[in-house]
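One structure is given here, and the rest of the page talks about it.
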2 protein chains.
Amino acid sequence: MIETRRRQIEVAASELFRSQGYAATSVRDIARALDLQGASLYSHVASKEDVLFAIVDRAASRFEDALRAAEAAADANAVGPLERLASIVRAHATLVAREPELASVFATEWRHLGGERRSSILARRDAYEGRLRAVIADGMATGDLAMTDPAIAAAFLLSALNGIAGWFRPDGRLSAEDLADRYADLAVRALAT
Amino acid sequence: MIETRRRQIEVAASELFRSQGYAATSVRDIARALDLQGASLYSHVASKEDVLFAIVDRAASRFEDALRAAEAAADANAVGPLERLASIVRAHATLVAREPELASVFATEWRHLGGERRSSILARRDAYEGRLRAVIADGMATGDLAMTDPAIAAAFLLSALNGIAGWFRPDGRLSAEDLADRYADLAVRALAT
DNA sequence: CCTACCGATCGGTAGG
DNA sequence: CCTACCGATCGGTAGG
């Protein structure tokens, strides 16, 4: 277990950033959650923004991995565009439901990042959204999906999916997987011919 | 034109709260947008939180009015559950697209309100969401809408709708009304039998 | 990882 | 609506 402390800081910060927002969370808030003095955090991180970036960067990678895996599985099973879309939605929803702090900070706190980091994260978000748009456009080309503006459909779906982080309780009566199935169903119905 | 200055403050604050968030926006930021000194704001408002509450309270009323109007129109025309749902979605989407600052602050900054104000706003949000759930449940009872958990369907739709504030440009190639039509279409398709 | 401390900025008040 | 100012808190550093 190397870098455990650093990880603890990121986990505690994710929870605080999610519930209070980055700007309203002080370095001392994060330290207190770990029973440290505020200044002691700086033995492990260079700045508050560094902690935010680490979280957001990790979140971006998780979403990219989930998308890649969903697409690879769809390729391997040679499924149609409808099932490909469903498995992407399922993957995204599952990730948000399982790690709402990560997803919520990724979705809303990136604007507190400085210039380069911010644009790098935005570029990755755009690329992700672009992949989803392409899947939707492909489905329209084969006639499996109804004709709509793929950009609008993608924005519609991503907002719905990311919204899960705002209300889903992982310890509630509904499992992340069940939730993901419902969302995939709603998404497919919304877009299928 | 009474209370113009007060209104200007709220408008400037909405824009700043939307783009930077409430916590990252200082009283002096708001004042600067109006060419005032920071302390001068306090001739018009009692506190920074007061400004936030005024915005969020106004936003809540706007959404309540829009919902009421959509339901009244549906009642007057005796339309079915499908068209009733469509007109509610259209009304909500139009409002978010026309006033993204108001909608975005309402959707995300309420947590910076203190105890009573916060719970009052949350109660109104819950009531609004409850109305949407009821419309969905009614549509399922008549067989116009497919059987799903109305709470999940409502959360799905509201997240998608509120997400509009995050990307829609009122001066872009798509009008608020066209956007609203697309969203109503997606919503109806997602839920219809 | 702590104590001690820094300059900057915060929301807000006094008094005009 | 302004100037002058307040105590509190902010992110971060020095030195151990």
Side-chain angles (χ1 to χ4, degrees), chain A residues 1-57 105 108-118 121, chain B residues 1-57 105 108-118 121:
Chain A
M1 284 293 193
I2 207 157
E3 259 205 330
T4 327
R5 205 43 159 169
R6 169 76 199 222
R7 208 43 160 291
Q8 286 173 11
I9 292 172
E10 287 173 23
V11 169
S14 303
E15 284 163 11
L16 289 164
F17 291 169
R18 181 207 189 186
S19 58
Q20 315 178 354
Y22 173 77
T25 302
S26 72
V27 168
R28 285 160 180 87
D29 286 337
I30 302 171
R32 193 180 313 121
L34 299 165
D35 277 311
L36 296 180
Q37 292 300 315
S40 302
L41 270 195
Y42 289 90
S43 306
H44 303 97
V45 305
S47 71
K48 185 188 171 190
E49 200 199 295
D50 266 10
V51 179
L52 175 60
F53 181 69
I55 294 166
V56 167
D57 181 57
V105 174
T108 66
E109 306 296 327
W110 54 264
R111 3 156 180 206
H112 296 107
L113 290 171
E116 281 180 55
R117 288 167 154 183
R118 178 168 167 165
I121 292 295
Chain B
M1 284 295 196
I2 209 158
E3 260 204 329
T4 328
R5 206 42 158 171
R6 170 76 199 223
R7 207 45 158 291
Q8 286 173 10
I9 292 172
E10 287 173 24
V11 169
S14 303
E15 284 163 11
L16 289 164
F17 291 168
R18 180 205 189 184
S19 59
Q20 316 177 355
Y22 174 78
T25 301
S26 72
V27 168
R28 286 161 179 85
D29 287 337
I30 302 171
R32 193 179 314 120
L34 299 165
D35 278 311
L36 296 180
Q37 291 301 315
S40 302
L41 270 195
Y42 289 91
S43 306
H44 303 97
V45 305
S47 71
K48 185 187 170 190
E49 200 201 294
D50 267 11
V51 179
L52 174 60
F53 182 68
I55 295 166
V56 167
D57 181 57
V105 173
T108 66
E109 305 297 327
W110 54 266
R111 0 160 186 202
H112 297 108
L113 290 171
E116 281 179 56
R117 288 166 153 183
R118 179 167 165 166
I121 291 295

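In what follows, chains are A, B, ... by sequence order, proteins preceding strands, each numbered from 1. All values reported here derive from a predicted model rather than from experimental measurement.
Taking atom CG of residue A:L52 and atom P of nucleotide D:dG12, one finds them 12 Å apart after rounding to whole Å. A straight line from CG of A:L16 to P of D:dG11 spans 12 Å, rounded to a whole angstrom. Here the C1' atom of nucleotide D:dC2 and the CZ atom of B:R5 are 13 Å apart, to the nearest Å. Nucleotide C:dT13 holds its P atom 11 Å from the CG atom of B:D50, rounded to whole Å. Distance CD1 (B:I30) to P (C:dG12): 10 Å, rounded to an integer number of Å. If you take CG of B:L41 and C1' of C:dG12, they are 11 Å apart, rounded to a whole angstrom. Rounded to an integer number of Å, the gap from CG of A:L36 to C1' of C:dT3 is 14 Å.
Residue contacts for B:S43: at a heavy-atom cut-off of 4.0 Å it reaches a base atom on one of the strands shown.
Side-chain contact check for B:R5 versus B:L36: some heavy-atom pair is nearer than 4.5 Å. By the 4.5 Å heavy-atom criterion applied to side chains, B:D50 and B:R117 are counted as neighbours.
Of the candidates C:dG11, D:dC2, C:dC1, C:dG11 carries the atom nearest the B:K48 side chain, counting heavy atoms from C-beta on. For B:Y42, counting side-chain heavy atoms from C-beta on, the closest listed nucleotide (D:dG11, C:dC1, C:dG12) is C:dG12. Out of C:dG12, D:dG12, D:dC1, the shortest distance to the side chain of B:H44 is found at D:dC1. The listed nucleotides are D:dT13, C:dG11, D:dC1; the one nearest the side chain of A:A39 is D:dT13.
Put simply, CG on A:D29 and CD on A:E15 are 13.0 Å apart, with the number rounded to the nearest 0.5 Å.
Exactly one residue among B:F17, B:W110, B:F53 makes a ring-ring contact (aromatic ring centres under 6.0 Å, His included) with B:Y22. That residue is B:F17.
Comparing B:A23 and A:Q37, the nucleotide of DNA chain C nearest to each residue sits closer to the 5' end for A:Q37. If you find the closest nucleotide of DNA chain C to A:R28 and to A:D35, the one lying nearer the 5' end belongs to A:D35.
Across all strands shown, D:dT13 forms a Watson-Crick or G-U wobble pair, both distances under 3.5 Å, with C:dA4.
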